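Below: one structure, written as structure tokens.
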Amino acid sequence: AAAPPLPPQWQPPRHLRVFPGFPLAGWGSARCNALAPGAAGTLSRRSYQVMTASLRAEIQAAALKKQTGVSLKYLLDFGTQPLDRQMLLSARFLHGEIPVRLAHRLMDLNNLPPKLSQEPHVRRVKGWYADSFADFRSFPPIKDNMDVLRFTAMLRAAVRRHNNVVPAIAKGVEEYKRELERTGESSQELESEIQHFLDTFFLSRIAIRFLAGHHISMFEPPRPDHIGLVHTRCSPYMIASDAVSAARAICFREYGGAPQVTVLGNTGLTMAYVPSHLHHMVFELVKNSLRAVQERYSEADSEAPPIQVVVAEGLEDVTIKVSDQGGGISRSGLRRIWTYLYTTARSPLPDVDIDSSNMPAVLAGYGCGLPLSRLYARYFSGDLQIISMEGYGTDAYLHLARLGNDEEPLPGAV
Ligand code: ADP
Ligand code: MG
């Protein structure tokens with residue numbers, strides 16, 4: 001079936017149409033390459049059992065290769081015309097690129113402080129990365145369409161294998177921090193090293209899953225106005241409204257009630273974006289606001305003031321503001337909200353089973369909500385800011401860059 005046409009401002013330049021050789025337009029790559037590969041360490045027990053010396057050597061060799069970034073224009077371009085030839089090239093690219101990225105992450109995991117690197121949950125994650133690396137490496141060269149289908153099935157299984165990486169890593173780091181506190185080894189340097197690792201690790205995960213998901217989606221029934229994972233007429237208003245309903249449902253489940261949320265702004269506004277990313281970010285912000293307001297007003301006589309979500313349309317950015325009167329965050333707390341695991345909620349991690357196929361959605365407590373949302377925003381050149389008035393409330397500003405804006409001709413410049 002023919003893919004829907006791109007809106008006019010989206011037409012990639014002609015020279016990118018065929019096969020662009022993956023030019024980098026400041027899109028993710030610099031950050032993905034942020035960590036240099038390091039020396040080898042030990043791998044997880046699970047993967048040790050199955051891992052031959054040659055696989056370990058392959059991982060080390062692959063981690064020395066540079067990761068190759070892809071431009072969004074390239075992804076949109078091949079997604080507009082998902083011809084067999086394009087899918088073959090896409091599969092070949094991912095076949096070469098994903099194991100390199102996995103190897104980089106494996107090396108990062110091995111180079112963590114030994115107590116963290118050897119923590120059981122972290123070892124499980126290393127096992128998943130090693131298994132996926134082995135799958136890619138043992139996959140023969142992709143020659144024809146049948147190979148593409150087989151490769152795509154393997155890719156799908158690998159994506160599923162990594163579903164619970166975030167809670168597993170969060171749990172591992174939490175255990176490690178507890179251990180450090182117990183032995184008094186905790187230090188500022190260690191914290192910032194871990195923070196840097198997690199930022200790189202999770203950003204890389206977002207990128208790999210986006211690339212893989214984009215490829216996989218080409219083999220699913222075409223959806224109107226979609227190019228792979230990108231919705232070319234994504235409505236921030238609609239997504240925000242959906243995210244609000246989902247967040248309120250969880251709040252209801254937790255507290256038996258949920259504050260009102262109003263969504264304001266241009267209901268007709270559409271932009272190209274990845275709906276799942278946008279949903280994830282707004283969902284996290286609204287959950288935070290709901291929790292703050294709910295806790296503050298649970299005993300109060302007056303009714304809880306509604307949370308406001310405002311969608312604003314700019315030339316460069318679309319900004320979504322989530323405002324609450326939940327009492328805000330203290331300045332000392334504000335410094336820590338971007339650190340993973342900083343949470344003032346009781347951690348739900350002790351009772352979750354990382355082996356179950358899907359982790360339960362929780363109102364709060366992983367502590368990853370804000371830092372991960374900011375990574376999602378930054379992956380597509382956006383950003384997330386939190387401004388708080390302690391004693392009153394919090395404003396979160398989620399800036400979304402209009403995708404593909406970089407190389408757009410300016411009005412009147414033609
Ligand atoms: P979690 O929600 O799992 O605790 P987050 O990263 O989403 O993790 O938030 C970290 C912490 O920041 C929260 O535990 C809370 O203390 C604080 N916070 C975030 N958003 C708000 C808000 N809107 N109002 C008050 N505190 C907030
Ligand atoms: Mg949260």
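Note that the coordinates shown come from a computational prediction; the quantities given were computed from them, not determined experimentally. Indexing begins at 1, ligand by ligand and atom by atom, following the structure's order.
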* Given side chains that start at C-beta, do those of P371 and F202 come closer than 4.5 Å, heavy atoms only? -> no
To which protein heavy atom is [atom] closest, and what is the distance rounded to 0.1 Å?
atom	result
atom 4 (O) of ligand 1	T343 OG1, 2.5 Å
atom 22 (C) of ligand 1	T394 OG1, 3.6 Å
atom 19 (C) of ligand 1	N288 ND2, 3.5 Å
atom 8 (O) of ligand 1	G367 CA, 3.2 Å
atom 16 (O) of ligand 1	T344 OG1, 2.5 Å
atom 10 (C) of ligand 1	Y342 O, 3.2 Å
atom 3 (O) of ligand 1	G365 N, 2.7 Å

Short side-chain to backbone donor-acceptor contact, [X] and [Y], under 3.5 Å:
X	Y	result
R101	A207	no
R374	Q385	no
S90	Q86	no
H104	A63	yes

Interfacing atoms of ligand 1 (cut-off 4.0 Å, heavy-atom, [X]):
X	value
P371	6 (O)
D324	22 (C), 23 (N)
I337	12 (O)
A292	24 (N), 25 (C)
S289	23 (N)
G328	25 (C)

* Looking at residues at least two apart in the chain, or sitting in another chain, which of them share a side chain to side chain donor-acceptor pair (under 3.5 Å) with S138? -> none
* Asked: Taking atom NZ of K126 and atom CD1 of I169, what is their separation to the nearest 0.5 Å?
  -> 9.5 Å
* Asked: Looking at E313 and R402, does any basic side-chain N land under 4.0 Å from a carboxylate oxygen?
  -> yes
* Are any of the side-chain nitrogens in E181 or R178 under 4.0 Å away from the carboxylate oxygens of its partner? -> no
* **Per-residue contact class, I329 against ligand 1 - non-hydrogen pairs under 4.0 Å** => side chain
* To do: Specify side chain, backbone, both or neither for S388, according to which of its non-hydrogen atoms lie closer than 4.0 Å to ligand 1.
  => neither
* In terms of the angle between their ring planes, are Y376 and H277 parallel, tilted or perpendicular, with boundaries placed at 30° and 60°? -> perpendicular
* May I ask you to list the protein N, O or S atoms found at less than 2.8 Å from the Mg ion (ligand 2)? => N288 OD1
* **L370, any N or O under 3.5 Å of ligand 1 N or O** => yes
* To do: Please collect all ring pair (Phe, Tyr, Trp, His ring centres under 6.0 Å) contacts where either partner lies in residues 287-309, sequence neighbours excluded, each pair once.
  => none
* Structure fact -> Sequence neighbours excluded, the answer for salt bridge (charged side-chain N to carboxylate O under 4.0 Å, His left out) partners of E191 is none
* **Pair Y397-D383, side chain to side chain donor-acceptor pair (under 3.5 Å): steps then yes or no** => CA-CA 8 Å; Y397 290 87; D383 209 354; over 6 Å; no
* Any chance you could lay out the side chain to side chain donor-acceptor pair (under 3.5 Å) test for R336 and T344, step after step, and finish with the verdict? => CA-CA 11 Å; R336 307 188 55 205; T344 50; over 6 Å; no
* Out of E390, R291, E284, indicate the one that has the non-hydrogen atom closest to atom 13 (C) of ligand 1. => R291
